[in-house]
Engineer: 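Before I ask anything, let me first share the structure, which is written out below as structure tokens.
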There are 2 protein chains.
Amino acid sequence: MAEVRTVDTRERILDAAENLFMAHGYDGTSMRQITGEAAVNLAAVNYHFGSKESLMQEVFRRRLDWLNEERMRVLDEMEREVAGKALKPSQIVDGFFGTLLRMAGDENRGGMTFLRLLGRTLTEPSEFIRAFLAHEYKVVMDRYKEALFKALPEVPKAEIVWRFHFMLGATSYAIAGTDALRLVTDWQIEDDDSVDRLDRLVPRLMSFLLGGLRAPLPQFSETAAVDSK
Amino acid sequence: MAEVRTVDTRERILDAAENLFMAHGYDGTSMRQITGEAAVNLAAVNYHFGSKESLMQEVFRRRLDWLNEERMRVLDEMEREVAGKALKPSQIVDGFFGTLLRMAGDENRGGMTFLRLLGRTLTEPSEFIRAFLAHEYKVVMDRYKEALFKALPEVPKAEIVWRFHFMLGATSYAIAGTDALRLVTDWQIEDDDSVDRLDRLVPRLMSFLLGGLRAPLPQFSETAAVDSK
DNA sequence: CTATAATTCATACGTTCGTTTGAACTATAG
DNA sequence: CTATAGTTCAAACGAACGTATGAATTATAG
């Protein structure tokens, strides 16, 4: 068995695919680009992963398995410390989104590249990817949702779910990174070094998310909401 | 000149493309799908628009021209009313994001379909689309940024730009709609009728955005921000 | 009605796509 | 060393892609 070569090839393919899917999307990346950048034979992907779709799933599984476990571990520990009492919203938000963002600082776990891929994929259309992600995410998501319900008993559950959704969106954009930010500004954002940038992004995003999560509840007008300001 | 047929064909192609790009993305949609759904000949797209890329641009231009004008009009009017004084942040946010969301209620302006397409495209990788959107958006974006700077003089400009970015992300997810929301919950969200849903979504999102925009400023730790909670 | 311009149509072109194949090569086991 | 299983390789497959072409059709102008 050529164990070493195999692992090498598999890993090189996954790295190349992660990079290219992030940069050009799933449909925009060809097998020939992937195997070219990985410096392996064209047939290697189908040999090791079976198909392009399976490769995409493996790209995500490689990172998400760790992320989901870490999120669970963090939540378990926090809940153990408060011994049945409710957590603070800031703890829960940090456990879910902070853990994600800190992953970006760890190059061994995919770093910024994977986070940007994840951010983009959450809004991407491909049916099979969204179904896969929903399945992978479900258990963890439910735990954090429950924690938020408990932490904010006075807020209607539907409202919390929506705000969780909004937080996902803000985070997704935040990690999609400077590319999308150039839509908003022409400035050269300081701290181009990605690690430094991350150190400031985390508290920035956390402030925003918590501000949104704890905002006053909306007033629904009885008539057309079109006029509501 | 076959004016009537031409307009019909162009419009039918644009409608079909808007739908399909929204559902399957740019790369995931073929010319044959578009012309098939529009019930026109395969060559019609290249005849009327020149290429697939030009078609995509026209899909956006058809809607964005109106949206940008409306956003400008709303901001002009609000600024005229306060006569040189600063606007309230809530007014600015409503002018930019509220105008966008209310567009979703107008089927003649693309409705939810275009908004979902826009939301997805902002994070999409295709270089030429992002460049096009950045160019289309620039003038309006700058005006609203300036209004926010004036409305929040005590907040560092860099912070405002980031929070504008976060707001874009939350909004993008909000309009990307229930599809992505199913990642978060299994519930059948009430008010499936899209107009009713929109009436409640607008105030919901507005509360969240304003809460985030006006959140306390983040504290940057001198050491690694990894430990910051 | 005739001439002319605009549009639609069926068809085909050259590429590129994801995948498959069978031979060549490499490493492990007995 | 030989047999065997794992891996890599060059080459090819049919299908689908965006685009181009020239004839047929339709509408407008004189």
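All chains are named by letter (A, B, ...) in the order of the sequence lines, taking the proteins before the strands, and each is independently numbered beginning at 1.
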Engineer: Is any side-chain N of the basic residue among R102(B) and D106(B) closer than 4.0 Å to the acidic one's carboxylate O?
Structural biologist: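 The answer is no: the pair does not qualify as a salt bridge.
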Engineer: When the distance from OH of Y47(A) to P of dC9(D) is rounded to whole Å, what number comes out?
Structural biologist: 13 Å
Engineer: Measure CZ/F49(B) against P/dT8(C) and give the value in whole Å, please.
Structural biologist: 11 Å
Engineer: Scan A44(B) against the nucleic acid and name what it touches under 4.0 Å (heavy atoms): base, sugar-phosphate only, or nothing.
Structural biologist: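 Answer is nothing: A44(B) stays at 4.0 Å or more from every strand.
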Engineer: Taking the basic N atoms (NZ, or NE/NH1/NH2) and the acidic carboxylate oxygens, is any pair closer than 4.0 Å for R143(B) and E146(B)?
Structural biologist: no
Engineer: For S30(A) and for N41(A), find the nucleotide of DNA chain C with the closest heavy atom, then tell me which residue's nucleotide is more 5'.
Structural biologist: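 Checking each residue's closest nucleotide, the 5'-ward one belongs to S30(A).
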Engineer: OP1 or OP2 of dT8(D) less than 4.0 angstrom from a side-chain nitrogen or oxygen of T9(A), does that happen here?
Structural biologist: yes
Engineer: One pair to check against salt bridge (Lys or Arg N to Asp or Glu O under 4.0 Å): R12(B) and E37(B). What are the steps and the verdict?
Structural biologist: CA-CA 9 Å; R12(B) 278 219 308 281; E37(B) 177 151 322; over 6 Å; no
Engineer: Under 4.0 Å between a Lys/Arg side-chain N and an Asp/Glu carboxylate O for R62(B) and E11(B)?
Structural biologist: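 Answer for the salt bridge query: yes.
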Engineer: Roughly how many Å is it from CD1 in I34(A) to C1' in dT19(C), rounded to a whole number?
Structural biologist: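 Atom-to-atom, I34(A) to dT19(C), this comes out as 13 Å.
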Engineer: To the nearest Å, how far apart are Y26(A) OH and dG18(C) P?
Structural biologist: 8 Å
Engineer: Stepwise, does the salt bridge (Lys or Arg N to Asp or Glu O under 4.0 Å) test hold for R73(B) with E77(B)?
Structural biologist: CA-CA 6 Å; R73(B) 195 187 61 73; E77(B) 189 177 311; 3.4 Å; yes
Engineer: To the nearest Å, how far apart are L20(B) CG and dC17(D) P?
Structural biologist: 12 Å
Engineer: Please tell me which of L42(B) and R32(A) maps to the more 5' nucleotide of DNA chain D, matching each residue to the nucleotide holding its nearest heavy atom.
Structural biologist: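 This one resolves to R32(A).
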Engineer: How long is the line joining CG of D8(A) and C1' of dT26(C), in whole Å?
Structural biologist: 15 Å
Engineer: For M31(A) and dT20(C), what is the distance between atoms CE and P respectively, to the nearest whole Å?
Structural biologist: 9 Å
Engineer: Does S54(A) reach a base, just sugar-phosphate, or nothing at all? Heavy atoms under 4.0 Å.
Structural biologist: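 Since no nucleic acid heavy atom lies under 4.0 Å of S54(A), the category is nothing.
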Engineer: Scan T29(B) against the nucleic acid and name what it touches under 4.0 Å (heavy atoms): base, sugar-phosphate only, or nothing.
Structural biologist: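 Sugar-phosphate only.
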Engineer: What is the distance, rounded to the nearest whole Å, between atom NE2 of H48(B) and atom P of dG18(D)?
Structural biologist: 18 Å
Engineer: Can you tell which of dG18(C), dA20(D), dT19(D) lies closest to the side chain of A43(B)?
Structural biologist: dA20(D)
